[in-house]
Amino acid sequence: MNKHKSVLLNEVLNEIVIQDDNPVFVVDSTLGSGGHSKAILEKVKNLHLFCFDIDQVAINRFLIYLKESNFTQQNDYLWEKDKQKIYVFNNNFTDVYTKLQELNIKKVKYLLADLGWAEDQKEYIQGLSFERLEDFLDMRLDKTHNQVTAFQIINYGSLKKLKQFFIEYGDLHREGDKLNQFIKLLGQKRLESNIKTVADLVNIIKVLNFRFKADQVSFCARVFQTLRIAVNMELENLRVLLNFLPSILLEIGSKAMIITFHSGEQKIIQQFKNSLLNKKTQLFTFHELIRPSVDELRNNISSRSAQLNVIERIK
Ligand SMILES: C[S@@+](CC[C@H](N)C(=O)[O-])C[C@H]1O[C@@H](n2cnc3c(N)ncnc32)[C@H](O)[C@@H]1O
């Protein structure tokens with residue numbers, strides 16, 4: 001079970017510069033299948049790597065990898081080999097700042113956030129894929145702390161709020177009429193019985209009578225994307241992460257590398273950029289967005305909407 005192909009891997013690695021013999025401090029705030037982390041381990045021999053993921057399965061898989069790669073466990077979270085220290089936390093990346101403080105780490109050189117979810121999570125997190133019709137509408141990446149499922153949101157959320165979510169998180173504003181019909185239908189259906197499975201939700205979308213199958217699939221994808229973002233509070237979490245960047249990227253040349261997959265995430269980054277521009281002293285610069293190469297787009301369909309934001313400390 002490791003279907004995930006890391007996105008923009010070389011582009012992320014290129015941003016990491018080794019200047020001297022001192023250890024490089026790197027946070028991988030979205031460990032996932034560990035693709036980026038493993039490549040960073042290959043590149044940076046003198047490394048303190050702090051890995052976070054809300055998904056226990058992803059964490060366990062990485063711990064097995066560390067064991068198999070002959071890292072020695074020092075305590076609950078720390079693994080070591082030669083000049084590499086790996087800290088592994090089954091935590092939300094909103095906890096990065098607090099965790100670093102607890103460890104008395106004042107600053108890091110690089111922080112990576114590869115947002116969203118990994119391909120292999122489709123296999124064991126119910127409701128993530130609209131192709132698995134029998135799945136329960138769960139969608140929680142973090143089953144330990146998050147009690148709210150997509151089932152609860154779609155059945156008990158106010159229709160007004162749901163419409164707002166579909167516009168904001170799913171970019172469904174362009175489908176004005178269809179969206180209104182969908183919301184109306186949803187209201188009727190959930191009075192009759194609970195919308196429990198992926199099939200229940202997909203069947204409502206099918207009633208909307210799209211002229212082209214591709215439009216139906218795209219609408220479906222956006223509905224599922226919206227629910228996943230709402231369930232996992234993805235945009236709220238991203239806001240928290242951006243807000244503590246200035247407190248951990250203290251050195252000139254330190255960088256955050258944030259891979260986004262939809263306009264909602266880019267909007268939050270733009271707001272963060274604007275908030276920094278309003279300050280007297282310009283501490284950070286935003287590099288031009290990096291998109292996957294033609295080769296990557298050809299070989300990895302998950303990369304098609306990916307964009308790498310590099311935010312670099314300049315003062
Ligand atoms: C796109 S995958 C990362 C893939 C990884 N970079 C790789 O190369 O294998 C995103 C990962 O972030 C995790 N994730 C999503 N939101 C998170 C959050 N707020 N805090 C920590 N991890 C999160 C997901 O569980 C998933 O494993």
Side-chain angles (χ1 to χ4, degrees), residues 1-13 15-16 26-43 49-66 77 87-100 110-129 138-146 148 169 225 227-245 256-262 264-265 268 292 296 299-309:
M1 178 180 57
N2 200 344
K3 286 188 174 168
H4 187 77
K5 284 190 195 155
S6 300
V7 164
L8 291 160
L9 185 61
N10 290 328
E11 289 77 359
V12 166
L13 287 182
E15 295 298 330
I16 298 181
V26 183
V27 175
D28 181 353
S29 71
T30 50
L31 176 69
S33 304
H36 286 102
S37 271
K38 289 176 195 171
I40 293 168
L41 278 161
E42 278 292 313
K43 172 165 178 164
L49 178 64
F50 303 85
C51 303
F52 289 76
D53 205 294
I54 39 177
D55 178 5
Q56 179 81 59
V57 177
I59 293 289
N60 289 345
R61 203 175 32 209
F62 193 63
L63 294 181
I64 293 172
Y65 163 81
L66 290 178
Y77 52 79
Y87 300 76
V88 186
F89 298 109
N90 182 201
N91 278 75
N92 198 302
F93 58 55
T94 53
D95 295 337
V96 165
Y97 179 73
T98 319
K99 281 283 170 204
L100 291 176
Y110 302 101
L111 178 141
L112 169 67
D114 177 14
L115 299 171
W117 52 300
E119 204 50 37
D120 23 338
Q121 287 177 310
K122 262 194 203 168
E123 315 249 320
Y124 56 88
I125 296 178
Q126 298 237 328
L128 277 188
S129 159
D138 188 319
M139 298 195 187
R140 285 172 303 159
L141 302 183
D142 178 359
K143 294 221 170 48
T144 321
H145 303 100
N146 188 359
V148 181
Y169 302 168
Q225 169 180 304
L227 289 172
R228 195 204 72 222
I229 293 174
V231 166
N232 296 294
M233 298 178 57
E234 294 181 18
L235 299 188
E236 291 86 343
N237 290 337
L238 176 58
R239 267 194 206 100
V240 174
L241 178 130
L242 292 172
N243 280 337
F244 63 64
L245 287 184
M257 297 165 289
I258 304 187
I259 303 175
T260 63
F261 291 88
H262 57 84
E265 291 165 344
I268 306 270
E296 178 166 15
N299 292 314
N300 185 4
I301 188 151
S302 315
S303 73
R304 67 187 183 275
S305 49
Q307 307 195 85
L308 172 61
N309 296 261

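For the numbers below, each heavy atom of this structure counts, side chains included, while hydrogens, waters and symmetry mates do not. Every value quoted in this text rests on a predicted model; they were computed, and no experiment measured them. First listed ligand is number 1; within each ligand, the first listed atom is number 1.
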*Are side-chain heavy atoms of D120 and R61 found at a separation under 4.5 Å?*
yes

Judged on heavy-atom distance to [atom], which of [options] sits nearest?
| atom | options | result |
| --- | --- | --- |
| atom 14 (N) of ligand 1 | N92, D28, I54 | I54 |
| atom 24 (C) of ligand 1 | V12, D55, D53, D114 | D53 |
| atom 9 (O) of ligand 1 | S33, C51, A58 | S33 |
| atom 12 (O) of ligand 1 | T30, L115, I259, V57 | T30 |

_Measuring centre to centre across the rings, with the benzene-like ring taken for any Trp, is F93 within less than 6.0 Å of F52?_
no

So is [X] in contact with ligand 1, going by heavy-atom distances below 4.0 Å?
| X | answer |
| --- | --- |
| M233 | no |
| N232 | no |
| L31 | yes |
| L9 | no |

*Please state which protein non-hydrogen atom is closest to atom 20 (N) of ligand 1 and give its distance, to 0.1 Å?*
F93 N, 2.8 Å

*Starting from atom 8 (O) of ligand 1, locate the nearest protein heavy atom and write down its residue, its atom name and how far away it is, to 0.1 Å.*
S6 OG, 2.6 Å

Which is it for [X] and ligand 1 at heavy atoms under 4.0 Å: side chain, backbone, both or neither?
| X | result |
| --- | --- |
| D142 | neither |
| S29 | backbone |
| H4 | side chain |
| N237 | side chain |

_Positive for side-chain contact (heavy atoms from CB on, under 4.5 Å) with L308, one of T260, D114, V12_ = V12

*Atom pair CD1/CD of I229 and Q225 - distance to nearest 0.5 Å*: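 I229 CD1 to Q225 CD: 4.5 Å, rounded to 0.5 Å.
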
*asked:* Distance to the ring centre below 6.0 angstrom and angle to the axis at most 45 degrees; does that hold for K38 and Y65?
replied: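 Yes - K38 lies over the ring of Y65, closer than 6.0 Å to its centre and within 45° of its axis.
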
List ligand 1 atoms under 4.0 Å from [X], heavy atoms only on the residue side.
| X | value |
| --- | --- |
| Q121 | 24 (C), 25 (O), 26 (C), 27 (O) |
| N91 | 21 (C) |
| L141 | 15 (C), 24 (C), 25 (O) |

*Passing candidate, side chain to side chain donor-acceptor pair (under 3.5 Å) with T94, options N91, N92, T98*: N92

*Is any N or O atom of W117, backbone or side chain, closer than 3.5 Å to an N or O atom of ligand 1?*
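No - when backbone and side-chain N and O of W117 are compared with those of ligand 1, no distance drops under 3.5 Å.
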
*Can you find an N/O atom of G34 closer than 3.5 Å to an N/O atom of ligand 1?*
yes

